[in-house]
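I'd like to ask some things about the structure below.
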Amino acid sequence: MKKYIYILLFISISAKSQEKALLTADKKFKQEQYIEAVKIYEQLAKKGVASVEIYERLGDSYYFNANYEKAFVWYQKLYEFNANCNSEYLYRYAQCLKSIGNYDLAKTILEQYSNKEKLEIRADLFKKFNGKANTDDKLANAFNVMNLDINSTKSDYGGIIKGDTIVFASARNRNLANRIYKRTNQSFTNLYYSTIKPLIDIPEPKLFSKKTFSKFHEATPTFSKDGKTMFFTQNEVKKNKKGKAVNGLYKIYKSIFQNGNWSSPEKIQIVADDLARIAHPALSPDEKYLYFASDMKGTYGASDIFKMNINEDGTYGKPENLGSKINTEGRESYPFITKDNKLLFASDGQPGYGGFDIFVLDLDNPNALPINLGTKINSPMDDFAMFWNRETRLGTFTSNRNGGVGDDDIYLIEEVKPFVFEVEIPVKGSLQDLITKDFLKEAQVVLLDNDDNVIAKTKTDDKGNYSFDPIKTNQTYKIIIVKEGYETQQKTIAVSQYETEINIPVVVSALKVKIDKGVDIANVIKFNQIYFDLDKSEIRKDAKVELEKIVEVLKTYPKINIEIGSHTDARQNRKYNKVLSQKRAESTLNYLVKRGISKDRLIAKGYGELQLVNKCSDGIICSEKEHQQNRRSTFIIVE
């Protein structure tokens with residue numbers, strides 16, 4: 001009996017010990033003390049304590065410290081333990097698989113993620129580029145890359161070249177108040193400088209300025225054109241209850257060079273919540289905008305890139321998110337703007353090779369896509385913080401790739417071949433019956449740009465082929481194909497920068513619904529419903545693509561006439577809604593007329609709130625999404 005009591009007592013003590021250890025590990029994890037948290041979590045895992053939470057946090061502790069090989073081990077255990085895990089962990093698992101070179105399995109996991117999160121930006125990018133980076137190894141010959149002699153055995157990153165001098169952040173040991181950053185178990189980073197010309201016998205880096213030095217982090221400097229103003233990242237130092245200085249969140253600071261010295265830093269006042277991290281400043285070429293990365297409210301993911309005005313009086317405007325073309329549900333950070341207005345940034349949400357990859361985007365081209373800088377710059381690990389002088393063709397970037405000196409190293413780049421941001425390539429394709437495999441002639445093929453403007457039209461020839469004049473790469477296009485007796489097809493194509501030709505074979509199915517009087521065209525073709533904004537009658541951008549389908553159907557079937565029936569939700573009174581719906585019908589009619597459809601073939605009729613498609617009548621509480629379903633247009637064949 002005593003034996004069983006001792007066993008039960010041992011189990012009880014062991015369980016309490018494990019519970020206490022888990023609480024300690026969780027506390028350290030939340031404080032981002034990942035090195036210490038890992039030690040405890042791994043001890044628990046060795047003792048057979050297995051749970052989704054432990055595997056997630058072990059993976060994350062390594063992932064957030066950019067140790068993707070070890071993160072892979074725990075994300076794999078998480079996946080084996082629970083294959084239906086949170087989609088964010090599927091994405092991180094796939095990133096780690098890329099980092100160890102298993103791209104095939106990474107693609108499979110990304111497909112699972114994409115199917116679970118169909119509306120996410122990253123899922124859309126995966127589909128557009130089929131899981132590949134939007135570049136190829138033709139860029140491998142564009143740059144020479146070399147490891148700089150300034151690197152230490154610790155983390156060195158964010159180098160910016162200023163004349164013959166490089167200024168960068170380093171976690172190397174120093175004599176001044178050497179403090180340890182518990183996230184990495186290295187020193188807090190400070191700004192250092194060294195001359196780099198010539199590239200041999202580079203002098204030992206020195207502390208950049210005692211005025212801008214703090215006990216905690218400084219990093220990622222950027223300078224004004226005259227070199228006398230520096231913006232940089234620094235921990236906001238605060239006092240705790242014991243009166244000691246503690247490191248707060250990252251903020252952006254400014255220092256001025258005057259009388260031979262840099263001034264004491266001044267924190268930039270940026271409109272954001274107090275808990276936001278704001279870091280990695282970059283100036284626009286005209287110095288009217290300050291770009292930065294932040295996790296402030298309203299981001300798409302873990303961190304986004306923003307910009308804000310620098311006013312003439314020295315104040316700053318409201319931060320503006322750069323949008324979903326750049327920012328994803330992942331991490332976007334480390335912006336830099338070249339003199340010719342090209343945005344460099346690091347991302348693990350855009351299609352890449354694993355970890356952070358570096359991308360470039362032409363800010364002067366509103367239709368341009370971010371370009372992955374290829375395998376010479378990007379590796380399976382983290383690559384980030386790129387500086388690029390397009391005039392001297394020199395630059396730097398940071399990487400923790402294999403073969404470096406320390407944790408993160410700074411690499412020098414030389415652009416040996418002019419980097420071209422867009423070329424023109426031909427587009428061709430074919431149209432085929434899904435069942436009979438016959439090639440279909442005389443089909444209408446329409447090419448639209450990213451703003452849904454029609455840029456070209458053609459027809460398939462006797463062999464079912466079509467082609468367009470060369471189009472610009474590094475953009476997104478849409479193709480609409482209409483063939484009498486067949487379902488209308490629409491395809492979105494993301495044209496990578498270095499593709500040489502686009503070939504788009506299309507297969508179509510015969511219509512299941514006969515085109516006849518009383519039929520809504522929207523039920524005949526593949527069609528996304530046309531909706532209107534609340535109290536508005538203007539044609540929305542997303543409706544233009546669908547209206548182009550209607551245009552092509554009406555041109556393909558020149559003998560049919562239609563009634564454009566427009567509708568409202570049940571809010572407002574019936575008289576108001578009747579007038580509003582008539583305006584919507586007429587604006588739709590006017591669009592079709594401008595696209596070449598005879599007004600004699602069209603009738604515009606507003607039905608107000610008389611034909612609701614759901615329960616949302618007067619007095620019924622409904623969501624905005626439910627109300628939206630009623631603000632629509634129909635296209636009924638009347639003759």
| With a distance cut-off below 6.0 Å to the six-membered ring centre and an angular limit of 45° from the axis, does Arg390 pair with Phe419 as a cation-pi contact? | no
| request: Flag the pair Lys544 and Glu548 as a salt bridge only when some basic side-chain nitrogen lies within less than 4.0 angstrom of an acidic carboxylate oxygen. | output: no
| field | From CA spacing to verdict: side-chain contact (heavy atoms from CB on, under 4.5 Å), Tyr607, Thr568 | value | CA-CA 8 Å; Tyr607 286 91; Thr568 68; over 6 Å; no
| query | Side chains of Asp433 and Tyr486: do they bring a donor and an acceptor to under 3.5 Å? | reply | yes
| said: Test your reading of the model: is there a side-chain donor-acceptor pair from Ser333 to the backbone of Ala293, 3.5 Å cut-off? | reply: no
| Side-chain heavy-atom pair Leu602, Ile562 within 4.5 angstrom cut-off | yes
| request: Look at atom NZ of Lys472 and say whether more than 12 heavy atoms of other residues, nucleotides or ligands are closer to it than 6.0 Å. | output: no
| task | Identify the heavy atoms of Leu592 and Val551 that sit nearest to each other, and give their distance. | result | CD2-CG2, 3.7 Å
| query | What are the two closest non-hydrogen atoms of Gly349 and Leu125, and how far apart are they? | reply | O-CD1, 4.0 Å
| said: So, taking the atom named CG in Leu547 and the one named CD in Glu552, what distance separates them when rounded to the nearest 0.5 Å? | reply: 12.0 Å
| note | Only residue of Glu117, Gln112, Lys116 satisfying side-chain hydrogen bond (donor to acceptor under 3.5 Å, both in side chains) with Ser87 is Glu117
| query | So do the side chains of Gln582 and Ser537 get within less than 4.5 Å of each other, counting heavy atoms only? | reply | no
| Any donor-acceptor N/O pair, Thr460 side chain to Tyr466 backbone, under 3.5 Å | no
| message | Would you call the rings of Phe143 and Trp388 parallel, tilted or perpendicular, taking 30° and 60° as the class edges? | response | perpendicular
| query | Between atom CD of Glu414 and atom CZ of Arg393, what is the distance when rounded to the nearest 0.5 Å? | reply | 9.0 Å
| Do Lys578 side-chain atoms and Gly606 backbone N/O form a donor-acceptor pair below 3.5 Å? | yes
| task | Check the pair Leu283 / Leu290 against side-chain contact (heavy atoms from CB on, under 4.5 Å), numbers first and verdict last. | result | CA-CA 5 Å; Leu283 282 166; Leu290 186 69; 4.0 Å; yes
| Within the side chain of Asn378, is there an N or O that forms a donor-acceptor pair under 3.5 Å with the backbone of Ile358? | yes
| field | Note, Ile425 side chain near Pro470 side chain (heavy atom, < 4.5 Å) | value | no
| field | NZ-CD distance between Lys555 and Gln444, expressed to the nearest 0.5 angstrom | value | 7.0 Å
| field | Asn577 side chain vs Arg571 backbone, donor-acceptor pair below 3.5 Å | value | yes
| Lys478 and Thr492, any side-chain heavy atoms less than 4.5 Å apart | yes
| Verdict with reasoning, Glu487 to Lys549, per salt bridge (charged side-chain N to carboxylate O under 4.0 Å, His left out) | CA-CA 11 Å; Glu487 293 181 350; Lys549 296 177 185 178; over 6 Å; no
| said: Whether the Asn321 and Asn327 side chains hold a donor-acceptor pair (N or O, under 3.5 Å, no angle test) is what I'd like checked. | reply: yes
| said: To the closest 0.5 Å, what do you measure between CD (Gln475) and CG (Asp449)? | reply: 7.5 Å
| Gap separating the CG atom of Leu322 from the OH atom of Tyr300, nearest 0.5 angstrom | 9.5 Å
| NZ/Lys457: more than 12 non-hydrogen atoms of other groups inside 6.0 Å | yes
| field | Heavy-atom side-chain proximity of Asn561 to Ile603 below 4.5 angstrom | value | no
| task | Indicate yes or no: at least one non-hydrogen side-chain atom of Asp104 is less than 4.5 angstrom from one of Thr108. | result | no
| Other residues, nucleotides, ligands: >12 heavy atoms within 6.0 Å of Lys541 NZ | yes
| request: Supply the atom-to-atom distance Ser294 OG to Ile252 CD1, rounded to the nearest 0.5 angstrom. | output: 8.5 Å
| query | Which heavy atom of Ser399 sits nearest a heavy atom of Asp383, and at what distance? | reply | OG-OD1, 2.7 Å
| Between the main-chain N or O of Ile121 and the side-chain N or O of Glu329, is there a donor-acceptor pair closer than 3.5 Å? | yes
| query | Taking Glu563 for the side chain and Gly518 for the main chain, is one N or O donor matched with an acceptor at less than 3.5 Å? | reply | no
| Taking NZ, NE, NH1 and NH2 as the nitrogens, is one of them in Arg540 or Asp533 under 4.0 Å from a carboxylate oxygen of the other? | yes
| request: Answer yes or no: does atom CD of Glu624 have more than 12 heavy-atom neighbours from other residues, nucleotides or ligands under 6.0 Å? | output: yes
| Side chains of Lys127 and Lys118: closer than 4.5 Å at any heavy-atom pair? | yes
| task | Using modelled atom types only, decide if a donor and an acceptor are shared between the side chain of Lys307 and the backbone of Tyr289 within a distance under 3.5 Å. | result | no
| Is it true that Glu538 and Lys536 have a side-chain N and a carboxylate O under 4.0 angstrom from each other? | no
| request: Please state whether the rings of Tyr334 and Phe356 are parallel, tilted or perpendicular, taking 30° and 60° as the class boundaries. | output: perpendicular
| So Ile560 and Arg601, side-chain contact (heavy atoms from CB on, under 4.5 Å) or not? Walk me through it. | CA-CA 7 Å; Ile560 66 172; Arg601 300 174 61 192; 4.0 Å; yes
| Where the side chain of Thr473 meets the backbone of Val423, is there a donor-acceptor pair that is under 3.5 Å apart? | yes
| request: Indicate yes or no: does Arg122 engage Glu88 in a salt bridge with an N to O separation below 4.0 Å. | output: yes
| said: Using the rule given for side-chain contact (heavy atoms from CB on, under 4.5 Å), can you reason through Tyr353 versus Asn372, listing the C-alpha separation, both sets of side-chain angles and the distance that settles it, and then say yes or no? | reply: CA-CA 9 Å; Tyr353 299 101; Asn372 185 298; 3.3 Å; yes
| Thr588 side chain to Arg584 backbone, donor-acceptor under 3.5 Å | yes
| said: Please check if the number of heavy atoms outside Lys297 that lie under 6.0 Å from its NZ is greater than 12. | reply: no
| field | Heavy-atom pair of closest approach, residues Lys605 and Ala585 | value | N-CB, 3.6 Å
| task | Would you check if there is a donor-acceptor pair between the side chains of Ser581 and Ser566 at a distance under 3.5 Å? | result | no
| request: Quick one: sort the Phe292 and Phe306 rings into parallel, tilted or perpendicular, breaks at 30° and 60°. | output: parallel
| task | Decide yes or no for Asp569 and Leu534: does some side-chain heavy atom of the first lie under 4.5 Å from some side-chain heavy atom of the second? | result | yes
| note | Correct closest heavy-atom pair for Ile530 and Ala543 would be CG2-CB, 3.7 Å
| Which heavy-atom pair separates Pro370 from Lys325 by the least distance, and what is that distance? | CG-O, 3.4 Å
| Residues Lys428 and Glu501 bridged, charged N to O under 4.0 Å | yes
| field | Those residues that, when tested against Asn614, pass side chain to side chain contact (heavy atoms under 4.5 Å, CB included) (two or more places apart) | value | Cys616, Glu626, Gln629, Asn630
| Distance only, no hydrogens: is a donor on one side chain within 3.5 Å (strictly under) of an acceptor on the other, for Ser347 and Glu332? | yes
| Is atom NZ of Lys583 surrounded by more than 12 heavy atoms (other residues, nucleotides or ligands) closer than 6.0 Å? | no
